[in-house]
Amino acid sequence: MADLTGATWRKSSRSQGANNCVEVAVTTNTIGVRDTKDRAAGYFTATGSQWSAFLDAVKTSRFD
């Protein structure tokens, strides 16, 4: 797993301050994703192409 120590994590602006969201950190080679309710549990990582494919699937309702 990539080391994201010092990475800037951000929540979606659509979360409207809720604490049941995910946070994303973007680095040169890696996208990290973690749960805002349990940050200590860690995070998973994806490559840029994996993250793009996931976002495309969400935006086109493939998970509905």
Side-chain angles (χ1 to χ4, degrees):
M1 181 179 339
D3 180 11
L4 296 178
T5 303
T8 300
W9 292 87
R10 64 180 181 87
K11 286 194 294 184
S12 169
S13 60
R14 295 179 186 237
S15 68
Q16 300 174 353
N19 284 331
N20 56 348
C21 305
V22 295
E23 293 178 313
V24 177
V26 179
T27 68
T28 304
N29 300 314
T30 305
I31 289 72
V33 181
R34 69 183 181 186
D35 184 350
T36 57
K37 293 182 292 185
D38 192 5
R39 292 180 180 116
Y43 54 87
F44 73 87
T45 59
T47 65
S49 61
Q50 290 169 328
W51 187 245
S52 292
F54 171 73
L55 291 180
D56 181 59
V58 169
K59 290 176 183 178
T60 58
S61 302
R62 284 189 232 159
F63 298 120
D64 291 347

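Every value quoted in this text rests on a predicted model; they were computed, and no experiment measured them.
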Can you run down the salt bridge (Lys or Arg N to Asp or Glu O under 4.0 Å) pairs that involve residues 20-29, sequence neighbours left out, and say none if there aren't any? Glu23-Arg34, Glu23-Arg39
Please enumerate all residues that pass salt bridge (Lys or Arg N to Asp or Glu O under 4.0 Å) together with Asp56, with sequence neighbours excluded. Arg62
What residues form a side chain to side chain contact (heavy atoms under 4.5 Å, CB included) with Phe44, not counting sequence neighbours? Val33
Any residue meeting side-chain hydrogen bond (donor to acceptor under 3.5 Å, both in side chains) with Asp38, in chain and number order, not counting sequence neighbours: none
How would you list, by chain and number, every residue that makes a side chain to side chain contact (heavy atoms under 4.5 Å, CB included) with Ala53, sequence neighbours excluded? none
Does any N or O in the side chain of Tyr43 come within less than 3.5 Å of the main-chain N or O of Ala25, such that one atom is a donor and the other an acceptor? no
Test side-chain hydrogen bond (donor to acceptor under 3.5 Å, both in side chains) applied to Asn29 - qualifying residues, sequence neighbours left out: none
Indicate yes or no: at least one non-hydrogen side-chain atom of Trp51 is less than 4.5 angstrom from one of Val26. no
Partner set under side chain to side chain contact (heavy atoms under 4.5 Å, CB included) for Asp3, not counting sequence neighbours: Thr5
For Ser52, all residues meeting side chain to side chain contact (heavy atoms under 4.5 Å, CB included), sequence neighbours excluded: none
Val22, Leu4: one ILVMFWY side-chain cluster at the under-4.5 Å cut-off? no
